[in-house]
There are 2 protein chains.
Amino acid sequence: MNAIRVLLVDDHPVVRAGLRAMLSDFEGITVAAEAADGGAALAALARLHALGEPVDVVLMDLQMGDGMDGVTATGKIKAGAAGQPPPPVLILTTYDSDADILAAVEAGASGYMLKDAPPEQIRQAVLSAASGQTALAPEVAARLMGRIRNPEPALSSREIQLLELLATGLGNRAIAKQLFISEATVKTHLGHIYGKLGVDNRTAAISVATQRRIIRRL
Amino acid sequence: MNAIRVLLVDDHPVVRAGLRAMLSDFEGITVAAEAADGGAALAALARLHALGEPVDVVLMDLQMGDGMDGVTATGKIKAGAAGQPPPPVLILTTYDSDADILAAVEAGASGYMLKDAPPEQIRQAVLSAASGQTALAPEVAARLMGRIRNPEPALSSREIQLLELLATGLGNRAIAKQLFISEATVKTHLGHIYGKLGVDNRTAAISVATQRRIIRRL
DNA sequence: CCTCCGGTCAACCAAAAGGTTGATCGTCGC
DNA sequence: GCGACGATCAACCTTTTGGTTGACCGGAGG
């Protein structure tokens, strides 16, 4: 049986070295190539395909230095026309926010592992992904289950819109003016938002919304 | 000449493996031990010291899974009574916010490196630290220089500390309790912060501070 | 058809935050 | 020793927020 050929994608040399060292210790797994960002990953994929040495599994970080993040890269890999069967993508990240997990899964990732996972767990995940199965870290699986059992109240798009203006530091009056509604309505919306996020003031709402990636922050 | 003995502290097995592989490739550097968190690091330090094999440099992540973070651990190491000369502590982290850098430096860290640094830079930093010098990543150094040159928005470290609590959504009273100061003092500090950042409310302060990377987004 | 829900608005009250002035204390540098 | 500055606190007042209640409209769905 041929070894599973893995493509490592991470912008941290340290992490790449760790993954390389870790995977090399396992039987049946070899590191075919490495890339520091999404663009390089796509290039490496194409290059290896042209050489007749296709990659079996892509092991990729979710947050990368340059513009393209793991989710976008996953989408591109999955949509990649050239070779018929795009390789399974395994996401390896530090955080396990709901939004990240959902986004990764929706983009077509075959798995979602955390960087603090023990080597054996990572090995299993690579093996699973190579055989076409899905691999989720226990913590991630538990989180998804909890989400299904206990769905969080979803914010309406209007509320998210409010939240974004809120995060820029605007006061209620300014938000009202911006959205062409009355200050009273702004207060009503904010009250609903606080309730849904489980907080009781605007700064906490921003904090929670940012952590859950309901709104983005640059 | 004896090799420099390094203690690796990071809660991610992957990162530890990477650092180990990376440092092992260098002449004159050996990994004496590894620890997954601050507590284990202190224990390892004591154990190695008892064995007569003191570590020359501690290479530690700033954010660790358990309670104790890198800054706290650094402080404990520096204060560690047992062996007379505490080893230099080199902080290795993903982010380069003012808040993190200042906290690390104040805690007595000998250096501050970013995880996306090339191997050679890390090697240089370990060497510098071992010889008692300070090693800052270029990005970090530039940031500190800018801070000195631009006295315009020079927030004191106390103010940055306030800002961080502010960003978690705490109210003035809660912040006061957290810092063991009165609510009046919190208001005074906030007033100064608003003035320096050119804003007039807490949410705007968080927004500006985040964009200027005075504090880190979580 | 009628109910549920999102979005809109109002009035009112309580609490929190913001603005101002002024004061004490320590440390640092000149 | 003096002056500057950061950190601390207090009292006072104004503005902003948060919390509650109640109401109207319009669309989606049973």
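A note on names: the letters A, B, ... follow the listed sequences, proteins ahead of strands, and every chain is numbered from 1. For clarity, every value in this text was computed on a predicted model and none was experimentally measured.
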Value in whole Å for how far the [atom2] atom of [N] lies from [atom1] of [X]:
{"X": "A:E183", "N": "C:dA11", "atom1": "CD", "atom2": "C1'", "answer": "13 Å"}
{"X": "A:F180", "N": "C:dG7", "atom1": "CZ", "atom2": "C1'", "answer": "17 Å"}
{"X": "A:H192", "N": "C:dC4", "atom1": "NE2", "atom2": "C1'", "answer": "14 Å"}
{"X": "B:L179", "N": "D:dG6", "atom1": "CG", "atom2": "P", "answer": "18 Å"}
{"X": "B:L162", "N": "D:dT8", "atom1": "CG", "atom2": "C1'", "answer": "12 Å"}
{"X": "A:K196", "N": "C:dC5", "atom1": "NZ", "atom2": "P", "answer": "11 Å"}
{"X": "A:K177", "N": "C:dT8", "atom1": "NZ", "atom2": "P", "answer": "17 Å"}
{"X": "A:I160", "N": "C:dG7", "atom1": "CD1", "atom2": "P", "answer": "10 Å"}

Quick one: label A:G191 by what it contacts on the DNA or RNA (base, sugar-phosphate, nothing), any heavy atom closer than 4.0 Å. nothing

Testing the basics here: between B:M22 and A:A17, what is the closest heavy-atom pair and its distance to 0.1 Å? CE-CB, 4.1 Å

Donor-acceptor pair, side chain of B:N201 and main chain of A:G171, under 3.5 angstrom: no

Donor-acceptor pair, distance only, cut-off 3.5 Å: does the side chain of B:R5 make one with the backbone of B:A32? no

Check: D:dC5 base within 3.5 Å donor-acceptor of B:S156 side chain: no

Partner of A:N172 under side-chain hydrogen bond (donor to acceptor under 3.5 Å, both in side chains), chosen from A:E183, A:R202, A:K187: A:R202

With sequence neighbours left out, the residues meeting side chain to side chain contact (heavy atoms under 4.5 Å, CB included) with A:A125 are A:L90, A:M113, A:A135

If each of A:Y194 and B:R158 is mapped to the nucleotide of DNA chain D with the nearest heavy atom, which maps nearer the 5' terminus, i.e. the 5' end? B:R158

Between B:A184 and A:K187, name the one whose nearest nucleotide on DNA chain D is closer to the 5' end. B:A184

Take the C1' atoms of the five end pairs on each side of the helix from C:dC1-D:dG30 to C:dC30-D:dG1, derive the two axes, and give their angle rounded to 10 degrees. 50°

Minimum-distance nucleotide to A:R173 side chain [options: D:dT16, D:dC9, C:dG18]: D:dT16

Closest to the side chain of B:R202, out of C:dG18, C:dC9, D:dC9, is C:dG18

May I ask you to evaluate whether [X] reaches the phosphate of [N], defined as a side-chain N or O under 4.0 Å from OP1 or OP2?
{"X": "B:N172", "N": "C:dA16", "value": "no"}
{"X": "B:T185", "N": "D:dC9", "value": "yes"}
{"X": "A:H189", "N": "C:dT8", "value": "yes"}

Would you please test B:D11 and A:K115 for salt bridge (Lys or Arg N to Asp or Glu O under 4.0 Å) and show each step? CA-CA 9 Å; B:D11 57 338; A:K115 277 189 183 167; over 6 Å; no

Say whether A:T185 and A:T188, considering side chains only, have a donor N or O and an acceptor N or O under 3.5 Å apart. no

